[in-house]
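Worth saying up front: this structure is predicted, and the values here are computed from it rather than measured.
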Amino acid sequence: MPTHLFNAYIDAPDGTTLAGPVTMDKDEYLFVNKNTVDDIYFNLKKADDGWYYSGGPVTHDVPKQFIDEVGRQIDEYHAHKDNH
């Protein structure tokens with residue numbers, strides 16, 4: 001069962017802010033935008049060379065910037081959690 005970690009925020013190039021929950025299921029994370037009408041949600045995983053798109057129901061390309069930003073926030077979440 002997926003575990004809710006936190007809400008992520010992404011500043012999109014068009015000036016809108018995407019926001020929504022990040023959940024974790026095993027070694028895969030899911031971001032779902034709930035802040036705008038944009039239908040953006042995607043799975044991501046971390047490899048040795050950084051974060052990457054790992055699938056999901058989205059039929060259009062997810063900008064690498066979005067994946068990197070959510071990945072950065074996941075890293076910060078884990079760093080903060082591990083220090084407390």
Rounded to the nearest 0.5 Å, how far apart are OH of Tyr9 and CG of Asn35?
-> 7.5 Å
Please examine the side chains of Leu44 and Ile74, heavy atoms only from C-beta on, and report whether any two atoms are closer than 4.5 Å.
-> yes
What distance separates Phe42 CZ from Ile67 CD1, expressed to the nearest 0.5 Å?
-> 5.5 Å
What distance separates Met24 CE from His78 NE2, expressed to the nearest 0.5 Å?
-> 5.0 Å
Close side-chain approach of Pro13 and Phe66, heavy atoms under 4.5 Å | yes
CD1 (Ile10) and CZ (Phe31) are apart, to the nearest 0.5 Å, by 4.0 Å
Tyr29 and Leu5, any side-chain heavy atoms less than 4.5 Å apart = yes
Going through the checks in order, is the side-chain contact (heavy atoms from CB on, under 4.5 Å) test met by Asp75 and Trp51?
-> CA-CA 10 Å; Asp75 287 339; Trp51 291 94; 3.2 Å; yes
Step-by-step side-chain contact (heavy atoms from CB on, under 4.5 Å) determination, Asp25 to Leu30 = CA-CA 8 Å; Asp25 191 11; Leu30 170 66; over 6 Å; no
Would you say Thr23's side chain and His4's backbone share a donor-acceptor pair under 3.5 angstrom?
-> no
Is it the case that more than 12 heavy atoms not belonging to Lys34 sit under 6.0 Å from its NZ atom?
-> no
Carefully, step by step, assess Glu69 and Gln65 under the rule side chain to side chain donor-acceptor pair (under 3.5 Å).
-> CA-CA 6 Å; Glu69 181 57 26; Gln65 165 193 348; over 6 Å; no
If you group Ile, Leu, Val, Met, Phe, Trp and Tyr by side-chain heavy-atom gaps below 4.5 Å, do Phe6 and Val70 land in one group?
-> yes
Where do Gln73 and Ala8 come nearest, in terms of heavy atoms and distance?
-> OE1-CA, 3.2 Å
Say whether, by atom type as modelled, one donor and one acceptor occur between the side chain of Asn33 and the main chain of Leu18 under 3.5 angstrom.
-> no
